[in-house]
Amino acid sequence: MASPKVSIPKGTRDFTPVEMNRRNYIFDTIKSVFQLYGYSPIETPSMENLSTLMGKYGEEGDKLLFKILNSGNFLEGVDNHTEAKSDYKKMTPLISEKGLRYDLTVPFARFVVMHQNELTFPFKRYQMQPVWRADRPQKGRYREFYQCDADVIGSNSLLNETELMGIIDRVFDMLNIKTTIKLNNRKILTGIAEYIGEADKIVDITVAIDKLDKIGLDKVNEELIAKGLSQETVAKLQPIINLSGDTQSKLCQLEKIFTSSETGQKGIAEMREILDLLGYTEIKAVVEFDITLARGLNYYTGSILEVKADEVAMGSICGGGRYDNLTGIFGLPDMSGVGISFGADRIYDVLQELNRFPENTQTSTQVLFVNFGEKEMKYCLPLLAKLRKKGISAEMYPDPEKIKKQMSYANANNIPWVVVVGETEMLENKLTLKNMQGGTQEKISLQELTKSKVKTKK
RNA sequence: GUGAUUGUAGCUCAGUCGGUUAGAGUAGUGGAUUGUGGUUCCAUUGGUCGUGGGUUCGAAUCCCAUCAGUCACCCCA
């Protein structure tokens with residue numbers, strides 16, 4: 001068979017039944033924990049107005065947005081804007097007014113503003129849907145991937161942070177992935193920038209410090225200078241970058257440094273409160289204060305957190321933080337929110353790499369009826385119905401093919417039981433039940449089959 | 001946006017120094033076994049060697065271009 005040249009877009013994937021069952025295992029686990037913690041589901045459309053999305057993810061994010069061409073004659077109206085013809089940034093709004101969502105948080109903020117009168121605050125929602133980014137794909141990075149978000153909006157309490165960390169802990173415990181939760185606070189990062197007198201360079205500073213693990217201290221300092229910081233400023237930064245000891249002593253050291261930064265002090269206080277509250281939970285995960293953690297999304301204002309798998313080299317598999325004024329942009333001020341986002345696809349890759357998917361993610365048929373022909377089929381159909389009524393997944397092979405082929409089908413699909421009914425069985429008013437794992441078979445009555453022989457999924 | 005690397009059967013991959021009709025495993029199909037799968041044995045289908053050009057008597061192999069995948073940087077789940 002000559003295969004036609006077909007393909008799917010870069011960074012997208014098909015999922016086979018085996019993969020889907022494994023993905024669903026991840027989704028079901030996360031969903032169950034979200035519900036356990038009192039979060040309710042919502043969904044939002046795949047596409048949003050570009051005015052909703054643009055400017056929320058920084059300049060880089062705007063570039064990575066998938067834009068949707070206007071329908072109909074999208075060139076209409078371009079004529080009047082001659083300057084747009086040579087500048088794609090000016091052209092874009094003329095020919096595109098919608099885009100695929102980049103994450104679930106910004107659409108959520110839009111949702112809250114639009115539905116504010118129907119919602120009861122604090123509002124706790126979860127949402128598990130795909131998002132799209134026009135990135136160059138690589139390991140653990142796709143152009144279409146799922147995020148599983150839980151956010152609570154309309155509450156300033158740091159208990160929310162603790163609860164979200166409880167969700168994280170529970171999910172990864174259930175998935176059998178060892179993780180470290182890294183915790184930081186945007187106010188501490190602001191405090192650092194204020195302390196060295198470069199408050200406006202906070203993004204450059206945090207991005208550079210974020211790379212400490214990866215490229216080392218010298219390179220970080222190089223980058224800081226490249227970004228326009230003076231030698232003295234970089235020198236002033238050293239004690240902070242090199243902060244050592246356990247979380248508590250790091251906080252004490254910072255506290256002394258931040259004497260003049262109110263924001264920095266507040267960040268430390270928040271961090272202490274979260275850690276204190278954590279002490280009253282049963283969280284098992286390692287939680288560490290990481291001064292270098294600086295998540296890119298620029299709407300975070302308070303705590304930021306990130307989760308890494310201990311045993312696999314992979315980007316973060318979950319991240320989140322607090323945003324004090326995300327809905328403000330859409331006209332609803334003073335709504336503080338905090339949320340987390342699980343990267344389901346990366347979690348899949350981690351489980352795959354560690355070979356840690358459970359055996360029984362397959363939801364296969366339990367009983368297959370072999371098809372010998374019309375007469376035999378009609379003899380079996382009522383039985384098939386009976387099994388299904390009892391909640392046992394069963395199917396009849398649709399064509400009267402060779403038994404060998406039908407058996408192979410059962411085998412390939414991991415169907416544990418096969419019912420064979422031919423002329424002999426019909427005469428005796430019985431059926432042959434074969435166990436595909438052991439290869440044993442026995443002749444039993446019709447009643448026996450529905451009673452106890454075949455069970456629902458173990 | 002920058003850099004590296006790989007494209008050979010549905011899948012995983014061999015293919016020597018450029019040499020005749022491009023191979024293996026696996027999957028598929030048929031049979032050994034017409035009422036029995038998973039194990040075994042036999043047979044068999046399946047290839048524009050990513051695509052286009054060039055060098056050469058001769059190219060899967062060398063050169064150029066192009067497309068696609070993968071990985072890394074930037075950034076990020």
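Convention: sequence-line order gives letters A, B, ...; per-chain numbering from 1.
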(message) In whole Å, measure the gap between the P atoms of B/U61 and B/G54 for me.
(response) 14 Å

(request) Let me have RNA chain B in dot-bracket notation, would you? Count Watson-Crick plus G-U wobble pairs, both distances under 3.5 Å, and use [ ] for pairs crossing earlier ones and | for inter-strand partners. (result) (((((((..((((.....[...)))).(((((.......))))).....(((((..]....))))))))))))....

(message) Rounded to whole Å, how long is the line connecting atom CD1 of A/I304 with atom P of B/A77?
(response) 11 Å

(request) Name the nucleic acid region contacted by A/F342, choosing base, sugar-phosphate or nothing; use a 4.0 angstrom heavy-atom cut-off, strictly under. (result) nothing

(request) Return yes if the base of B/A77 and the side-chain atoms of A/R141 contain a donor-acceptor N/O pair under 3.5 Å, otherwise no. (result) no

(message) Could you tell me how far B/C13 sits from B/A9 if I compare only their C1' atoms? Round to whole Å.
(response) 11 Å

(message) Taking the nucleotide of RNA chain B with the nearest heavy atom to each, does A/G438 or A/K211 sit closer to the 5' end?
(response) A/G438

(message) Looking at A/R143 and A/W132, would you say the former's side chain and the latter's main chain have a donor-acceptor pair under 3.5 Å?
(response) no

(request) Measure from CD1 on A/I215 to C1' on B/C74 and round the result to the nearest Å. (result) 12 Å

(message) Taking B/C64 as the reference, what is the distance to B/U55 when you measure between their P atoms (whole Å, please)?
(response) 15 Å

(request) Using atom NZ of A/K10 as one end and atom C1' of B/C67 as the other, report the distance to the nearest whole Å. (result) 10 Å

(message) Please give the distance between the P atoms of B/C71 and B/A65 as a whole number of Å.
(response) 25 Å

(request) Count the heavy atoms of every other residue, nucleotide or ligand shown that sit under 6.0 Å from CE of A/M426, and state whether that count exceeds 12. (result) yes

(request) I would like to know whether A/Q127 and A/T44 meet side chain to side chain donor-acceptor pair (under 3.5 Å); could you show each step before the answer? (result) CA-CA 8 Å; A/Q127 188 172 355; A/T44 62; 2.9 Å; yes

(message) Nearest 0.5 angstrom please: A/E48 CD to A/L100 CG, how far?
(response) 10.5 Å

(message) In terms of relative ring orientation, are A/Y57 and A/Y299 parallel, tilted or perpendicular, with 30° and 60° separating the classes?
(response) perpendicular

(request) Report the residue (A/Y146 or A/I8) whose heavy-atom-nearest nucleotide on RNA chain B is the more 5′ of the two. (result) A/I8

(request) Could you work out the separation of B/G15 and B/U20 based on their C1' atoms and round it to a whole Å? (result) 15 Å

(message) If I take atom CZ in residue A/R13 and atom P in nucleotide B/G69, what distance separates them, rounded to the nearest angstrom?
(response) 14 Å

(message) Can you tell me how far apart CG (A/L36) and CE (A/M174) are? Round to the nearest 0.5 Å.
(response) 8.0 Å

(message) Counting the atoms with a prime plus P, OP1 and OP2 as sugar-phosphate, which does A/G315 contact under 4.0 Å by heavy atoms, base, sugar-phosphate, or nothing?
(response) nothing

(message) Can you confirm whether more than 12 heavy atoms, excluding those of A/M114, are under 6.0 Å from its CE atom?
(response) no

(message) Could you walk me through whether A/F342 and A/F172 satisfy the ring-ring contact (aromatic ring centres under 6.0 Å, His included) test, starting with their C-alpha distance in whole Å, then the side-chain angles of each, then the deciding distance to 0.1 Å, before giving a yes or no?
(response) CA-CA 10 Å; A/F342 289 89; A/F172 289 118; 5.5 Å; yes

(request) Return the value, rounded to whole Å, for the distance between atom CZ of A/F27 and atom C1' of B/A77. (result) 12 Å

(request) Write down the distance separating the C1' atoms in B/C74 and B/A4, rounded off to the nearest Å. (result) 15 Å

(request) Among A/F357, A/Y25, A/Y146, A/F145, find the residue that satisfies the ring-ring contact (aromatic ring centres under 6.0 Å, His included) test when tested with A/Y348. (result) A/F357

(message) Using whole Å, what does the distance between atom C1' of nucleotide B/G38 and atom CD of A/Q441 come to?
(response) 14 Å

(message) Could you tell me how far B/A60 sits from B/G7 if I compare only their C1' atoms? Round to whole Å.
(response) 11 Å

(request) Describe the nucleic acid contact of A/G140 in one word from base, sugar-phosphate, nothing, applying a heavy-atom distance below 4.0 Å. (result) base

(message) Just the rounded figure in Å: distance from C1' of B/C75 to CZ of A/R143.
(response) 14 Å

(message) What's A/E425 touching, base or sugar-phosphate or nothing? Going by heavy atoms closer than 4.0 Å.
(response) base

(message) What's A/V207 touching, base or sugar-phosphate or nothing? Going by heavy atoms closer than 4.0 Å.
(response) sugar-phosphate

(request) Enumerate the residues from residues 402-414 of chain A whose closest heavy atom to RNA chain B is under 4.0 Å, giving them by residue number; use none for an empty result. (result) A/K402, A/I403, A/K404, A/K405, A/M407, A/S408, A/N411

(request) To the nearest Å, give me how far apart NZ (A/K139) and P (B/U6) are. (result) 19 Å

(request) Have a look at A/G58 and say if it touches a base, only the backbone sugar-phosphate, or nothing, with a 4.0 Å heavy-atom cut-off. (result) nothing

(message) Measuring only the P atom in each nucleotide, how far is B/G53 from B/U40? A whole number of Å is fine.
(response) 46 Å

(message) Looking at A/K31, I want to see if its NZ is surrounded by more than 12 non-hydrogen atoms of other residues, nucleotides or ligands under 6.0 Å.
(response) no

(message) Distance check, rounded to the nearest 0.5 Å: A/I415 atom CD1 versus A/Y409 atom OH?
(response) 5.5 Å

(request) State whether the distance check finds a donor on one side and an acceptor on the other, under 3.5 Å, for side chain A/R136 versus base B/U2. (result) yes

(request) Ignoring backbone atoms, establish whether A/Q138 has a side-chain N or O less than 4.0 Å from OP1 or OP2 of B/A72. (result) yes

